[in-house]
Every structure is written in structure tokens, then in C-alpha cells.
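The analysis underlying the following values was restricted to heavy atoms, covering all of them including side chains, and did not include hydrogens, waters or symmetry mates.
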Number of protein chains: 2
Amino acid sequence: MEKDSVIILSGGVDSTTLLYYQKHRIALAVSFNYGSNHNGRELECARWQCSELGIEHLVIPLDFIGQYFQSSLLAGAEEIPKGDYDNENMKSTVVPFRNGIMLAIACGIAESRGLKHVMMANHGGDHAIYPDCRPEFTKAISEAMQAGTYERVTLIDPFTMYSKAEIVKLGKELGIDYSHTYSCYCGEELHCGECGTCRERKEAFNLAGMEDPVPYKSHS
Amino acid sequence: MEKDSVIILSGGVDSTTLLYYQKHRIALAVSFNYGSNHNGRELECARWQCSELGIEHLVIPLDFIGQYFQSSLLAGAEEIPKGDYDNENMKSTVVPFRNGIMLAIACGIAESRGLKHVMMANHGGDHAIYPDCRPEFTKAISEAMQAGTYERVTLIDPFTMYSKAEIVKLGKELGIDYSHTYSCYCGEELHCGECGTCRERKEAFNLAGMEDPVPYKSHS
């Protein structure tokens with residue numbers, strides 16, 4: 001199959017699974033460094049996985065997000081709320097319109113390279129918290145990408161109706177080494193095990209009946 | 001009236017006119033530096049106009065565009081085609097999905113600041129050449145901005161059905177000093193007078209029956 005797509009790759013569980021799932025179509029992976037606590041560790045993982053698969057990997061710095069945007073995700077590990085991955089707890093971690101910005105840049109790169117699609121690993125569990133993960137958003141931005149490019153670039157988001165547990169089950173079938181993925185919003189060496197994204201990750205592996213290969217600081 | 005909007009300001013004729021036209025609603029102007037030939041002179045003009053009006057002005061560097069995007073606009077003055085502002089001549093100057101990228105970033109800044117709207121000065125004359133200026137694009141991206149933000153940020157583009165001549169006529173009524181605007185894609189001290197954007201500018205002032213206060217190198 002033709003390699004006709006660019007993927008937005010964070011280095012977390014979801015986008016890494018999409019990378020392996022669609023590797024036959026992916027010409028280029030793009031990661032973004034927006035200066036959050038956990039970006040450094042995520043990017044190391046993204047680089048490792050691309051190198052395993054022999055896929056070209058770009059990192060786009062978005063320093064202006066750290067400078068001008070409001071989000072606890074950008075404010076240091078102590079600002080990250082502990083507890084479940086639910087609406088109230090996680091809302092402060094939202095980086096305004098982050099997916100809109102990443103998709104627009106990836107779309108411009110796709111058009112520059114003659115690629116037809118941008119892939120993103122938004123999934124069902126994100127919908128409640130992040131407005132720029134919901135189907136209403138992804139449908140409209142895909143229409144904007146098509147209308148705004150000569151080649152009518154489209155968005156492909158195959159996990160939009162998956163749960164995170166279904167994603168890691170798929171990843172197991174694909175033989176993914178999840179020890180090279182990073183999820184913790186605190187950004188330290190070990191996953192904290194207590195922030196919303198750590199809890200969401202642990203729950204997904206539990207529901208899938210799989211062992212999570214990353215070590216945690218806390219198992220509360 | 002409440003200052004509830006951020007404007008995308010290039011420092012050219014169209015966005016400068018929109019700045020004055022909507023100054024009572026504009027809390028913040030955002031310019032982008034994507035490393036094109038003419039960005040430096042445009043940004044000086046944008047800064048001057050904002051300072052005249054006492055409007056806060058941010059410049060967001062987008063170095064990745066110069067690094068990874070294809071466009072003659074990024075390749076040096078000698079690559080800019082001379083001649084009319086028509087489809088074939090100007091297509092090489094398109095920066096892929098530029099308006100999509102600028103709108104997405106401005107939308108994130110609006111949401112961060114509690115502002116409700118992003119203003120952009122796309123106009124009727126852009127439609128033939130730039131896919132990301134057409135109503136099909138602006139409608140879809142405004143829907144994506146609304147769906148992707150808690151505050152349902154919307155796009156306002158009052159000039160979408162104006163010609164450039166109508167824009168400069170409006171600017172005359174508003175008393176704008178167009179000597180502090182810059183349009184030439186070559187980016188030199190004087191407007192070249194021969195590239196597509198210089199010709200489009202001269203034609204607009206002619207049609208409006210106004211004198212263009214900027215000096216040109218050539219009057220061909």
C-alpha cells in the first residue's frame with residue numbers, strides 16, 4: 001500500500017498503537033514540543049518507536065504555547081491534579097485547542113509533501129474532557145483541511161469510538177513494546193501512578209487483562 | 001462595546017483596515033513570523049499600527065514553516081514570480097494551510113484569554129488562488145473552532161465578500177495611514193511594483209481612485 005499519511009505521534013499509548021496499526025501507510029511521524037512537564041519523556045519514546053519501524057520523525061517546537069497559553073499542564077508537576085481521569089479533575093490540564101493546532105500544522109506538512117491524510121489517535125475516553133477530541137470537532141476540522149488544501153487532505157482517526165482498553169488489546173496483537181511509551185502528566189522518571197493519565201493508563205491495562213510494563217512510583 | 005476579539009494582523013492593507021474597522025472590539029493583535037522574504041517589513045508595519053491604536057501586539061515565530069514547508073514565498077526574492085495576481089502566477093507562493101495554522105493558534109490564544117472571536121481579513125480576491133481563504137474553508141474552520149473550545153470561539157471575517165478596492169475605500173473613510181503597510185512579496189526596502197501582490201495593491205488603489213502613499217521601485 002502507498003505511504004500516503006502523516007501521523008501525529010505523542011509517544012503515549014494511543015498514538016504509538018496507531019503508529020504500529022497503520023505503519024504500512026505512514027510516510028512521516030510528527031511530534032510537538034509545547035513545553036509541558038511530560039513532553040521530554042514522551043518525545044524520547046516517540047523517537048524510539050519510529051526508529052524501531054524505520055519511519056521518519058520530525059519534532060516541531062511550539063514554544064509560544066508555553067509562553068501565551070493557560071494550562072496546568074504547562075505549570076510544573078505540582079500543579080497536576082491527582083485522582084481520576086474525570087471532567088472536573090482534568091479540565092485544568094487542557095491546552096486550549098491543542099488538537100486544532102497540531103492538526104493544522106500536520107495538514108500543512110502533508111500538503112507540502114504530497115501526502116493525502118493526517119492520522120490522529122483521539123479515542124472515546126477523551127470526549128468528555130477535551131472538546132477538541134469530539135466527533136463534532138474532528139468532522140469540522142477534516143472538512144476545513146479538505147477545503148483549505150489543493151490535494152484535499154483528510155483526517156483519519158480510527159480510534160475515535162475505541163476505549164483505551166480496546167486500544168491496548170489491539171497493541172498486544174500488534175506486538176508493541178509499551179515499555180517505550182510514556183503517559184504521566186507529572187513528567188518524572190517513573191510514572192507517578194496517581195495523576196489522571198496514570199490512572200487511566202493503569203485502568204486500560206487492567207480491563208484488557210494485560211500487564212503494564214512501565215514501573216510506577218505508587219500503586220494507590 | 002466589549003473587547004472580545006483577537007485579530008490576525010499581517011501588516012498588509014487588508015488586515016490593517018480590519019484592525020481600524022473593528023478597533024473597538026479588538027483586545028489583542030497576533031502576527032506570525034514564518035520566515036518569508038517580506039515578513040520583517042510586514043511585522044514592522046503591524047507593530048506601528050498597533051502602537052498607534054494602543055492595542056497589544058504579539059508576534060508568534062513559526063520557524064518550522066521555513067524548515068519543512070514548500071513555497072516560493074520562503075525561497076528568496078528571486079523566486080517570486082513577476083506579473084499579475086492570477087492563479088498560475090501566484091500558486092507557487094502559497095504556504096500550505098497557512099490560514100488554518102494561524103487561525104488554530106489564534107483560537108487557542110482566544111480561549112486562553114477568555115476572548116470569543118478570532119478576526120481575519122480574507123477577501124473576495126483571494127478566493128481563486130488560496131483554498132484556505134474560501135468560504136467553504138472559513139465556514140468549516142469556524143465550526144471546528146466552536147466545537148473544539150469550551151467558549152465556542154468563532155471566526156469573524158467581514159471582508160470575505162469585499163474586493164481589495166472596497167477595502168481601501170473603507171480604509172480611507174477610517175483615516176488609515178497606508179504608508180505604514182507593506183505588501184511586496186520580495187521584501188525589499190521599496191515595493192518592487194512588479195510582483196503579483198504589488199500589482200494587486202496598485203490596482204486596488206487605482207480602482208478606488210486613491211493615491212497609494214508607498215513608493216515603488218518600478219511603475220511598469
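For the atom pair A:Y130 OH and B:Y150 OH, the distance stands at 7.5 Å (nearest 0.5 Å). The CD1 atom of A:I105 lies 7.0 Å from the CZ atom of B:F69; values are rounded to the nearest 0.5 Å.
Counting heavy-atom pairs closer than 4.5 Å to chain B, the top-ranked of the candidates A:G108, A:P61, A:G100, A:C107 is A:G108. Most heavy-atom pairs under 4.5 Å with chain A, from the set B:S112, B:A110, B:P96: that is B:S112. Across A:A140, A:G148, A:S142, the residue that shares the most heavy-atom pairs under 4.5 angstrom with chain B is A:G148.
Considering A:L62, A:I109, A:V59 in turn, A:L62 is the only one that fulfils the side chain to side chain contact (heavy atoms under 4.5 Å, CB included) rule with B:F64.
The parts of A:M145 that come within reach of chain B are both its backbone and its side chain, each placing non-hydrogen atoms under 4.5 angstrom from that chain. Looking at A:I65, there are no atoms closer than 4.5 Å to chain B (heavy atoms on both sides), in backbone or side chain.
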*Can you list the steps and then say if A:K139 with B:E143 is a side chain to side chain contact (heavy atoms under 4.5 Å, CB included)?*
CA-CA 9 Å; A:K139 180 172 178 289; B:E143 283 169 8; over 6 Å; no

_Please evaluate residues B:T149 and A:D132 with respect to the criterion side chain to side chain contact (heavy atoms under 4.5 Å, CB included), reporting the C-alpha separation (whole Å), side-chain torsions for both, the decisive distance (0.1 Å), and the verdict._
CA-CA 7 Å; B:T149 50; A:D132 60 354; over 6 Å; no

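Looking at every heavy atom in both residues, A:F97 comes nearest to B:A144 through CE1-O, 3.5 Å.
Within the 4.5 Å cutoff, the side chain of A:I60 has heavy atoms near those of the B:Y68 side chain.
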